[in-house]
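Numbering of residues begins at 1 and proceeds along the displayed sequence. In this text the structure is predicted, and so the values were computed from the model without any measurement.
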Amino acid sequence: MSALLTIEDLAIEFVTRRGNVPAVRGVSLHVTPGESLGLVGESGSGKSVLAHTVMGLLRLPGRVRRGQVRWKGEALSIEGHAGNDGVRGRQMSIVFQDALAALNPLLTVGRQIEEVLEQHRNLSRSAARERATELLTLVGIPDPALRLRGYPHEFSGGMRQRAMIAMALAAEPQLLIADEPTTALDVTIQAQIIYLLRDLQARLGLAMLFITHDLGVIAAMCDRLAVIYAGRIVESGPASEVFARPAHPYTMGLLRSTPRLDTDRERLTSVDGSPPELLDLPVGCAFALRCPLADARCRAEDPRLNDVATGRTAACFRPFTPAWP
């Protein structure tokens with residue numbers, strides 16, 4: 001099946017007085033129609049920078065060093081103000097992590113949804129108001145006609161996130177990028193948002209790029225999984241297979257630090273150390289200083305992302321080697 005979104009060898013850096021920070025280092029991904037791809041990694045690994053660049057939202061001091069973003073095979077601009085191309089906002093849209101910061105505090109929620117409909121669907125003001133009411137109903141906001149007149153600060157955190165999802169769906173996109181949409185919510189509301197997104201994906205046939213640091217969310221949401229570390233993909237494959245048998249020690253570390261109901265482990269195991277300073281990346285594998293399996297080769301050579309099984313890739317010299325006894 002042909003991909004909707006294709007990211008090819010994308011490298012992004014931020015210019016600072018101390019030097020150029022390589023936030024994303026040669027990432028390649030694809031999302032096909034109707035599937036859900038999870039992108040998981042620690043804070044600072046480059047997940048949100050990647051999403052913003054795909055949506056044409058990268059601004060200085062960020063800049064693209066190399067790579068391409070393609071939509072249905074056609075290259076998209078990823079430099080400067082690239083959002084007005086008929087694809088972003090229309091055929092693919094994004095739900096941001098912090099809905100309160102993303103929404104305009106001076107406009108009602110209804111007006112903000114209506115603007116999307118007027119811009120991308122060419123609806124009249126009255127038709128946009130009617131469709132906005134339907135969208136709030138779709139995402140489970142009660143009394144939508146009244147809520148359309150409310151301002152973002154008058155909504156709870158969960159309701160703001162639902163309103164953001166309604167806005168993202170307003171133009172009827174084929175791909176939804178969800179950039180850590182549950183991070184700022186409590187556990188109960190997180191579960192509601194996850195259920196909502198799964199239901200909407202099934203009902204609307206959406207493809208989804210779901211960005212998070214929470215493997216539990218990935219397990220509930222995604223068909224495929226890509227693990228990113230220090231700006232580079234270190235493992236990818238079907239989510240169920242990666243969870244059952246991770247190929248990269250970093251993925252194993254993430255799994256062993258995540259609570260699970262299907263095991264009887266009394267204690268979780270943390271991943272020792274911290275991610276490397278991107279301005280001073282170590283020679284060799286970026287994970288070597290934290291990896292209990294690292295040897296001299298790992299500290300001298302940077303492993304490439306290679307096939308380790310059908311549909312599975314890993315950037316490790318010793319894939320499928322038992323880790324953390």
Side-chain angles (χ1 to χ4, degrees), residues 1 3-7 27-43 45-48 50-51 54 92 94-95 97 174-183 187 190-229 232-263 265 268-269 271 287 305-316 319-324:
M1 185 181 295
L4 286 176
L5 175 69
T6 304
I7 302 170
V27 167
S28 296
L29 293 172
H30 70 276
V31 185
T32 57
E35 81 161 339
S36 181
L37 172 66
L39 182 62
V40 64
E42 293 171 277
S43 296
S45 59
K47 307 184 299 297
S48 293
L50 185 70
V54 168
M92 64 176 172
I94 187 169
V95 177
Q97 176 178 347
Q174 298 173 57
L175 171 67
L176 180 66
I177 299 175
D179 184 13
E180 303 209 44
T182 63
T183 297
V187 175
Q190 281 186 19
Q192 293 176 6
I193 296 299
I194 291 170
Y195 177 82
L196 172 64
L197 288 171
R198 289 180 61 186
D199 179 61
L200 291 171
Q201 184 183 18
R203 291 166 60 185
L204 304 177
L206 285 170
M208 188 176 299
L209 174 58
F210 200 100
I211 297 170
T212 184
H213 62 273
D214 190 333
L215 285 171
V217 172
I218 293 291
M221 287 293 304
C222 299
D223 308 310
R224 288 193 299 119
L225 168 63
V227 181
I228 187 170
Y229 183 78
R232 181 171 292 176
I233 301 297
V234 296
E235 181 166 1
S236 68
S240 59
E241 295 182 19
V242 173
F243 284 132
R245 191 182 183 190
H248 196 281
Y250 177 59
T251 311
M252 176 68 81
L254 291 178
L255 287 169
R256 291 183 64 85
S257 64
T258 302
R260 298 179 61 174
L261 298 178
D262 58 348
T263 66
R265 285 185 289 130
L268 300 178
T269 304
V271 182
F287 187 61
L305 194 65
N306 293 311
D307 293 336
V308 293
T310 303
R312 298 283 306 274
T313 62
C316 184
F320 298 115
T321 302
W324 278 283

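For the atom pair CG of D179 and CG of L209, the computed distance is 9.0 Å after rounding to the nearest 0.5 Å. Rounding to the nearest 0.5 angstrom, the gap separating the CG atom in L50 from the CD1 atom in I211 is 6.5 Å. Put simply, CZ on R312 and CZ on R224 are 12.5 Å apart, with the number rounded to the nearest 0.5 Å. I194 contributes atom CD1, which lies 8.0 Å from atom OG1 of T212 (distance to the nearest 0.5 angstrom). Note that the CZ atom of R232 and the OG atom of S28 stand 11.0 Å from one another [nearest 0.5 Å]. The distance from atom OG of S236 to atom CG of L225, rounded to the nearest 0.5 Å, is 8.0 Å.
With sequence neighbours excluded, the residues forming a side-chain contact (heavy atoms from CB on, under 4.5 Å) with Q201 are S36, L206, M208, listed by chain and number.
Of all heavy-atom pairs spanning Y250 and I228, the tightest one is CE2-O, 3.8 Å. Of all non-hydrogen atoms in M252 and P246, the two that sit nearest each other are CE-CG, 3.7 Å.
R198 has its side chain within reach of M221: a pair of non-hydrogen atoms, C-beta onward, lies under 4.5 Å apart. Residues T251 and V40 fail the side-chain proximity criterion, which asks for heavy atoms closer than 4.5 Å. Side-chain contact check for V227 versus H248: every heavy-atom pair is 4.5 Å or farther apart.
Without hydrogens or angle criteria, Q190 side chain to T182 main chain gives a donor-acceptor distance under 3.5 Å.
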